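Shown next, in structure tokens, is the structure this report addresses.
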Amino acid sequence: MQQDRSGATHDFQESAKRTWRARLVGLVAIAIGVGGWWYNWHLAATEGQFYIKLCILGPLGLAGGILMLVRPEWAGPLRSDSTRAHKIALIAVLGFMFVASGIDMYLLKHNRSPRRSTITRWSPSLGTPALSAMPRMTSVASVMTSVAPEMSFLERKYLLGSFNQKQNATWEFVTRDETIDDWKTLLTIIDRPDARTREELDRLAEGIMSAYKSHGGRILAAKTMRQDSGEVFNYMVAAFEEPGKQRFELNFVKAALGPKNAAVVIYGVRITDPRDYRTKAKNFLDRSSDEVGRALGNMVLPDISKLPRRTF
């Protein structure tokens with residue numbers, strides 16, 4: 001008789017432990033569901049995007065967690081001895097998940113804010129140079145009186161090497177000892193009359209980033225910067241690996257508003273090394289990316305309307 005009581009006591013304790021474990025899992029599921037729902041709405045409000053998986057996880061975690069709190073013995077999948085009430089409860093949880101997820105996705109899609117870029121102000125930690133050290137474009141007058149338009153960047157002279165207007169007016173500048181077909185550094189200016197406001201500038205930056213990704217580029221950095229002068233511009237760094245040529249092509253991109261509309265400036269660098277071009281590219285980024293970013297940030301563009309528009 002005493003053994004029966006001991007066995008019953010042991011079974012009761014084991015059952016109590018299972019109950020509390022199930023309820024604890026239920027509390028965690030509710031917390032995850034509510035947290036996922038909140039994060040999705042926060043992301044939609046601040047970044048203009050959301051995750052479909054979180055739309056499903058939120059209602060599932062909430063309904064499933066409540067069920068485990070109320071009926072912990074029903075935790076887990078259906079079993080051969082599951083009661084009709086157990087089956088109805090699980091079906092109700094799945095039904096609630098589908099309906100709530102659909103409503104959540106609809107509301108998120110139609111109420112999300114336009115995507116906003118993070119603004120990072122230039123600070124001494126970024127190494128803002130003195131005005132006398134800022135790389136600047138040559139003046140418009142000197143550009144137009146030269147045999148070929150030229151500009152200065154990172155203490156090097158660049159001459160206009162080509163112009164085309166397949167989509168937007170694009171000028172490409174190379175150093176004196178390089179050509180458009182064979183260059184190590186390339187400075188490109190693109191006129192973008194389709195962007196005239198901050199919102200349109202952000203959309204332009206998103207479009208550039210998407211274009212890079214669709215062509216196999218890796219975005220190494222992307223942010224909105226603000227100089228002390230108050231000028232806001234979008235900045236990104238993209239990398240293209242070309243194993244067949246044993247090189248990386250790095251693009252440092254600045255998109256900023258001008259007097260009339262936006263312009264995009266791209267400083268392209270090709271890093272080649274038959275032995276280890278990956279390490280060489282990494283070393284270049286570690287050593288020079290801050291300098292290039294500052295130079296682009298402080299660059300003064302020439303009057304694009306006065307640059308030659310003759311295709312060659």
Side-chain angles (χ1 to χ4, degrees), residues 129 133-192 208 211-212 215-218 220-221 233-256 258 262-274 277 280-281 283-285 287-312:
M134 287 183 182
R136 292 180 176 272
M137 296 290 194
T138 54
S139 66
V140 174
S142 64
V143 167
M144 299 311 297
T145 56
S146 302
V147 175
E150 66 177 39
M151 63 179 67
S152 296
F153 186 73
L154 292 176
E155 301 181 350
R156 300 182 71 186
K157 293 288 186 181
Y158 286 82
L159 300 175
L160 180 60
S162 74
F163 169 79
N164 71 79
Q165 198 161 1
K166 296 177 181 178
Q167 294 182 334
N168 297 286
T170 302
W171 296 266
E172 294 178 313
F173 293 77
V174 293
T175 58
R176 294 181 181 275
D177 56 342
E178 295 176 1
T179 67
I180 289 298
D181 297 323
D182 185 19
W183 54 266
K184 293 184 177 65
T185 62
L186 179 70
L187 202 57
T188 304
I189 298 177
I190 306 172
D191 189 21
R192 293 303 299 254
I208 294 172
Y212 275 131
H215 287 82
R218 291 162 51 194
L220 306 182
F233 61 93
N234 293 90
Y235 176 72
M236 71 184 73
V237 181
F240 293 88
E241 185 174 9
E242 300 177 291
K245 298 179 180 180
Q246 296 180 315
R247 74 184 183 194
F248 262 107
E249 181 176 320
L250 305 174
N251 282 187
F252 300 84
V253 185
K254 173 186 178 182
V264 178
V265 183
I266 305 172
Y267 178 60
V269 181
R270 286 173 174 169
I271 309 294
T272 304
D273 190 333
Y277 65 91
K280 189 174 181 179
N283 291 338
F284 176 86
L285 285 169
R287 182 181 66 253
S288 304
S289 59
D290 286 346
E291 180 186 14
V292 174
R294 289 196 302 271
L296 279 177
N298 293 300
M299 176 181 284
V300 178
L301 288 174
D303 187 346
I304 290 180
S305 65
K306 295 183 179 180
L307 288 175
R309 294 178 180 252
R310 178 176 58 85
T311 303
F312 63 98

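Note that the structure is a prediction, hence the values are computed from the model and not measured.
- Gln246 places a side-chain N or O within 3.5 Å of a backbone atom of Pro274 that can act as its donor or acceptor partner.
- Partners of Ala239 by side chain to side chain contact (heavy atoms under 4.5 Å, CB included), not counting sequence neighbours, listed by chain and number: Leu220, Phe248, Leu250.
- Scanning for side-chain hydrogen bond (donor to acceptor under 3.5 Å, both in side chains) contacts around Tyr277 gives Glu241, with sequence neighbours left out.
- Take Asp182 and apply the side-chain hydrogen bond (donor to acceptor under 3.5 Å, both in side chains) test, not counting sequence neighbours, and it matches no residue.
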Practice item. Applying side-chain contact (heavy atoms from CB on, under 4.5 Å), run through Met299 and Ile189 and close with a yes or a no. Key: CA-CA 12 Å; Met299 176 181 284; Ile189 298 177; over 6 Å; no
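- To the nearest 0.5 angstrom, Thr170 atom OG1 is 4.5 Å from Ile190 atom CD1.
- Remark: Lys280 pairs with Ile271, Asp273 by the side chain to side chain contact (heavy atoms under 4.5 Å, CB included) rule, at least two apart or across chains.
- Nearest heavy atoms, Val264 versus Ala255: CG2-CB, 4.2 Å.
- Note that OG1 of Thr175 is 13.0 Å distant from NZ of Lys157, once rounded to the nearest 0.5 Å.
- Atom CG of Asn251 is separated from atom OH of Tyr267 by 11.5 Å, given to the nearest 0.5 angstrom.
- In this structure, Pro308 and Leu160 approach most closely via the heavy-atom pair CG-CD2, 3.6 Å.
- Smallest separation of non-hydrogen atoms from Ile304 and Ala263: CD1-CB, 3.6 Å.
- Every salt bridge (charged side-chain N to carboxylate O under 4.0 Å, His left out) that Glu249 has, sequence neighbours left out, goes to Arg270.
- With sequence neighbours excluded, the residues that form a ring pair (Phe, Tyr, Trp, His ring centres under 6.0 Å) with Tyr212 are Phe240.
- Summarising the geometry of Val253 relative to Leu296, their closest heavy-atom pair is N-CD1, 4.2 Å, with the distance given to 0.1 Å.
- Not counting sequence neighbours, the partners of Trp171 by the ring pair (Phe, Tyr, Trp, His ring centres under 6.0 Å) test are Phe163.
- Across every non-hydrogen atom of Phe252 and Val269, the tightest pair is CE1-CG2, 4.2 Å.
- Distance check: Leu186 CG to Ile266 CD1 gives 8.5 Å after rounding to the nearest 0.5 Å.
- Not counting sequence neighbours, the partners of Thr272 by the side chain to side chain contact (heavy atoms under 4.5 Å, CB included) test are Arg247.
- Residues meeting the side-chain hydrogen bond (donor to acceptor under 3.5 Å, both in side chains) test with Tyr158, sequence neighbours left out: Thr185.
- When the side chain to side chain contact (heavy atoms under 4.5 Å, CB included) test is applied to Asp181, the partners found at least two apart in sequence or on another chain are Thr179.
- To the nearest 0.5 Å, atom CZ of residue Arg156 and atom CG of residue Leu187 are 11.0 Å apart.
- Remark: Arg176 pairs with Glu150 by the salt bridge (charged side-chain N to carboxylate O under 4.0 Å, His left out) rule, at least two apart or across chains.
- Among residues two or more places apart in sequence or in another chain, the side-chain hydrogen bond (donor to acceptor under 3.5 Å, both in side chains) test is passed with Ser305 by Asp303.
- Going from atom CG of Leu159 over to atom CD of Glu178 covers 11.0 Å, rounded to the nearest 0.5 Å.
- Between Gly297 and Lys254 the shortest heavy-atom distance is O-NZ, 3.4 Å.
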